[in-house]
There are 2 protein chains.
Amino acid sequence: MKEQNIPICTEQKIHPCEIERAGQHMPAEEDLFSLAELFKVFGDSTRVRILSLLCDTELCVCDIAACLGMNLSAISHQLRVLKQAKLVRFRKEGKTVYYSLADAHVEHILAQGLDHVRE
Amino acid sequence: MKEQNIPICTEQKIHPCEIERAGQHMPAEEDLFSLAELFKVFGDSTRVRILSLLCDTELCVCDIAACLGMNLSAISHQLRVLKQAKLVRFRKEGKTVYYSLADAHVEHILAQGLDHVRE
DNA sequence: TGAATACTTGAACAGTTGTTCAACTATTGA
DNA sequence: TCAATAGTTGAACAACTGTTCAAGTATTCA
């Protein structure tokens, strides 16, 4: 807490001691990038609604579209985003594709966010 | 769990039973909207980097800009977004403004996200 | 085989977002 | 009072995003 003037930043710093503290706990730059990418996926109300629907059950694309009152194509596009982010899994059965949450983590992140939103 | 055909959706549903299960656990529409808004704020790497910097310490705008190698104005704009979302607090001391995390929730959400990102 | 169903995909469009630049306010200290 | 410092703000612009439409695939069933 008293080590001063260690140049971890490229520009002139006003409070070197505090900056050093801050720097010590920083995750790797690439982790922070992935973190932002993850939250970006959660940061759309259509996708959040899809994820909420999939808590505790699996649904086909048709059902999701019906529940959200949206067009099949829009849902399919968003499911692709969720799939790429590994937030949902799918299973094919004949013509229909069933989607479900990828793991419990997804539900936890939603719940934690809801806690904050509801104060 | 066997109650079927209850019309909670406006369109024709393929699997009414599963749809009913999904519907029962859905948070209020407005909470889901706020939730997406919250994650949207976390969904930018500049903002995530600022929040990470502010874990365990407070920093002035100048310091944050120096640490991230970015222009003062860009940081100020993003701090405004974080302020509006109540993710950061600030304290004025003479000419300088010190920012810090609003509460422990913010750190928890970041940590939970990092867990998922690192698998 | 051929029609119907369930979904996916790509192009196009409007709307949104993040950064920069320049100009501004507020506080300090000479 | 004047210059310097720390930060905020608004306009502008390019880049990105979500939805729609139209056309595509894959599977089923008659």
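Quick note on labels: first sequence line is chain A, next is B, and so on, each numbered from 1.
- Taking the side chain of A/Val97 as heavy atoms from C-beta on, and the options D/dT20, C/dT19, C/dC7, the nearest nucleotide is C/dC7.
- Between A/Glu37 and B/Ile75, the residue whose closest nucleotide on DNA chain D is further toward the 5' end is B/Ile75.
- Distances from the side chain of B/Lys83 to the nucleotides D/dT8, D/dG7, C/dC7 place D/dT8 closest.
- Under a 3.5 Å cut-off, the side chain of A/Arg89 and the backbone N or O of A/Ala102 do form a donor-acceptor pair.
- For A/Ser73, the side-chain atoms get nearest to D/dT20 when compared with the rest of D/dT20, D/dG7, D/dT9.
- If you chain together hydrophobic residues whose side chains sit under 4.5 Å apart, A/Met70 and A/Val97 fall into the same group.
- B/Phe39 and A/Phe39 have parallel rings, their planes meeting at less than 30° on a 0 to 90° scale where 60° marks the start of perpendicular.
- In this structure, A/Tyr98 atom OH and D/dT27 atom P are separated by 15 Å, rounded to whole Å.
- Rounded to a whole Å, the CG atom of A/Leu72 is 15 Å from the P atom of D/dA22.
- B/Thr46 OG1 to B/Ile64 CD1: the interatomic distance, rounded to the nearest 0.5 Å, is 11.5 Å.
- Note on B/Asn71: a side-chain N or O is less than 4.0 Å away from OP1 or OP2 of C/dT20.
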Below 3.5 Å is the cut-off: list the nitrogen or oxygen pairs between protein and nucleotides 25-30 of chain C, distance only.
none

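- Looking at which nucleotide of DNA chain D each of B/Tyr99 and A/Gln78 is closest to, the 5′-most match is held by B/Tyr99.
- A heavy atom lying under 4.0 Å from DNA chain D marks the following residues of residues 42-57 of chain A, by number: A/Asp44, A/Thr46, A/Arg47.
- In this structure, B/Glu58 places its CD atom 16 Å from C1' of D/dG7, rounding to the nearest Å.
- The NE2-P distance, from A/His77 to D/dT20, rounds to 10 Å in whole Å.
- For OH of B/Tyr98, the number of neighbouring non-hydrogen atoms (other residues, nucleotides, ligands) closer than 6.0 Å is greater than 12.
- Residue B/Thr96 has its side chain nearest to D/dG7 when only D/dT8, C/dT19, D/dG7 are considered.
- When atom types are taken as modelled, the side chain of A/Arg47 and the backbone of B/Ala36 share no donor-acceptor pair closer than 3.5 angstrom.
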